[in-house]
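In what follows, a single structure is set out as structure tokens and then discussed.
FYI, the numbering just counts along the sequence from 1. Hydrogens, waters and symmetry mates are skipped; everything else that's a heavy atom, side chains included, is used. Computed from a predicted structure; not experimentally measured.
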Amino acid sequence: MEPRRALMASGLLLLSVVGAGLCNARRPGDVLDPEVAGVSVLLEHSFEFDDSVRYKKRGTLLWRPGRENSLTLSQMQLTEDERVKLRDMAGTDGLYRIRIPRKLGSESSTLDYVSSFVRICALVESHLSDVITVNTDVSGNIIGVSIVTIPGSCNGAEVEDVDLEVFNTTVHLMQPVLAAAPETAAFIERLEHEQAQKAKNPQEQKSFIAKYWMYIVPIVIFLMMSGAQDPNGGSGGSGGGGR
């Protein structure tokens, strides 16, 4: 019986170990922690001759919030037709637009977006070198986006087709910095402590005269003495009359 009991105990131990491993394993449908996997934000752009707006995908921003708090961008290479279109539009003073959704991790066409734009001639002459800044509030919600080119001027310079194949983009994430709160509690505590000390020492609450009478009295006496008149002085002689 003893070997049989030992065999059953071993089998139960093996089942418990395997079960624990299955419970700790991540199933395919489980959601990853956003701080580990990151949050994807769709980046779209639009540039049209007739000044209409037709957005299409340019790339994807990957935001890893939390301690790392990094923002990266993966984007596609422009097609030959897009490069020709950009070069042709550079002389028309057209606009190059970008947008991203306000809600993180969503790509629905019904969402609200934040957008920005630059002149196409500036983008072309910068050889597609741009800086995209994403602004968020203290809660991590996207509230704005901006784009600038480096350099940002239009001088009519000729640009080779090879310089318009890939975007050279720098991305920044701008979040508000919480200001230091005033130490109201510490100030009130210090004030209460001072009031308590004054209540324990009534001598500190004396009036000004009670504190400095030894200096005030001599000054008053001096003023009184200097202002007093001489009783023997100031009387003139009177003329004598004959009998």
Side-chain angles (χ1 to χ4, degrees), residues 32 34-66 68-137 140-175:
L32 290 175
E35 295 188 5
V36 178
V39 180
S40 62
V41 181
L42 177 65
L43 173 64
E44 296 177 301
H45 62 173
S46 172
F47 47 99
E48 301 295 337
F49 279 105
D50 56 359
D51 204 25
S52 61
V53 180
R54 300 183 184 91
Y55 283 103
K56 57 183 178 180
K57 184 176 180 179
R58 167 176 162 175
T60 302
L61 291 161
L62 183 61
W63 180 19
R64 289 187 174 89
E68 185 179 358
N69 202 24
S70 63
L71 184 66
T72 57
L73 172 62
S74 60
Q75 47 193 346
M76 301 178 293
Q77 183 175 348
L78 292 178
T79 64
E80 183 178 356
D81 292 340
E82 290 174 331
R83 296 195 298 269
V84 172
K85 186 177 180 180
L86 280 175
R87 293 181 62 181
D88 293 342
M89 291 186 63
T92 64
D93 201 23
L95 298 179
Y96 174 83
R97 296 177 172 87
I98 64 168
R99 73 174 185 178
I100 58 176
R102 292 179 182 271
K103 188 175 181 181
L104 299 178
S106 299
E107 300 184 2
S108 173
S109 59
T110 61
L111 293 176
D112 291 332
Y113 292 86
V114 291
S115 60
S116 182
F117 63 88
V118 293
R119 298 172 64 186
I120 290 183
C121 57
L123 181 65
V124 171
E125 294 186 26
S126 70
H127 297 177
L128 302 187
S129 298
D130 57 351
V131 179
I132 297 176
T133 303
V134 178
N135 300 88
T136 67
D137 59 14
N141 301 311
I142 295 177
I143 58 175
V145 65
S146 64
I147 178 174
V148 295
T149 58
I150 303 174
S153 58
C154 296
N155 301 317
E158 292 291 334
V159 179
E160 299 293 335
D161 186 72
V162 68
D163 296 324
L164 302 178
E165 292 182 353
V166 181
F167 282 96
N168 179 25
T169 305
T170 303
V171 292
H172 296 297
L173 179 65
M174 297 295 293
Q175 294 179 299

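The closest side-chain heavy-atom distance from V124 to L164 is below 4.5 Å. With a 4.5 Å cut-off on side-chain heavy atoms, T72 and V171 do not count as touching. Contact annotation: the side chain of R119 approaches that of D93 to within less than 4.5 Å [non-hydrogen atoms, C-beta and beyond]. For the pair D130/V118, no side-chain contact is recorded, criterion being any heavy-atom separation below 4.5 Å from C-beta on. Side-chain contact between T136 and W63 is present, with at least one heavy-atom pair separated by less than 4.5 Å. Inter-residue side-chain proximity for L43 and I98 is flagged as met; some heavy-atom pair is nearer than 4.5 Å.
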- Message: Applying side chain to side chain contact (heavy atoms under 4.5 Å, CB included) to L86 and I120, what does each step give before you reach the verdict?
- Response: CA-CA 7 Å; L86 280 175; I120 290 183; 4.0 Å; yes

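Distance check, rounded to the nearest 0.5 Å: OG1 of T170 to CD1 of I132 gives 9.5 Å. For the atom pair L78 CG and H45 NE2, the distance stands at 6.5 Å (nearest 0.5 Å). Annotation: the span from R97 atom CZ to R58 atom CZ amounts to 15.0 Å, rounded to 0.5 Å. For the atom pair OG1 (T92) and CZ (F47), the distance works out to 12.0 Å, reported to the nearest 0.5 Å. Going from atom CD1 of I100 over to atom OG of S115 covers 9.5 Å, rounded to the nearest 0.5 Å. Rounded to the nearest 0.5 Å, atoms CG (N141) and CD1 (I143) are 9.0 Å apart.
The number of heavy-atom neighbours closer than 6.0 Å to OH of Y55, taken from other residues, nucleotides and ligands shown, is above 12. Shown here is M76, whose CE atom has more than 12 heavy atoms of other residues, nucleotides or ligands within 6.0 Å.
Under the 3.5 Å distance criterion, the side-chain polar atoms of E125 are left unmatched by any main-chain donor or acceptor of V159.
Annotation for C154 and A122: closest pair SG-N, 3.2 Å, computed over non-hydrogen atoms. Here the shortest heavy-atom pairing between Y96 and I147 reads CE2-CD1, 4.0 Å. Considering all non-hydrogen atoms of both residues, G59 and L42 come closest at O-CD1, 3.7 Å. The two residues L123 and T149 have their closest heavy-atom pair at CA-CG2, 3.8 Å. Annotation for P151 and S126: closest pair O-CB, 3.8 Å, computed over non-hydrogen atoms. Taking both residues in full, the closest heavy atoms of C121 and A90 are given as CB-O, 3.3 Å, listed atom of the first, atom of the second, then distance.
Partners of T133 by side chain to side chain donor-acceptor pair (under 3.5 Å), not counting sequence neighbours: none found. D88 pairs by the side chain to side chain donor-acceptor pair (under 3.5 Å) definition with nothing, not counting sequence neighbours. Legend: residues meeting side chain to side chain donor-acceptor pair (under 3.5 Å) with D50, ordered by chain and number and at least two apart, are S52. Under the ring-ring contact (aromatic ring centres under 6.0 Å, His included) criterion, H127 pairs with no residue at all, not counting sequence neighbours.
Checked against V41 for a side chain to side chain contact (heavy atoms under 4.5 Å, CB included), the options T60, V134, I142, L71 give a single hit: I142.
For residues 146-171, the pairs satisfying salt bridge (charged side-chain N to carboxylate O under 4.0 Å, His left out) are R83-D161, with sequence neighbours left out. Listed by first then second residue, pairs satisfying salt bridge (charged side-chain N to carboxylate O under 4.0 Å, His left out) with a partner in residues 39-48 read E44-R99, E48-R54, E48-K85, not counting sequence neighbours.
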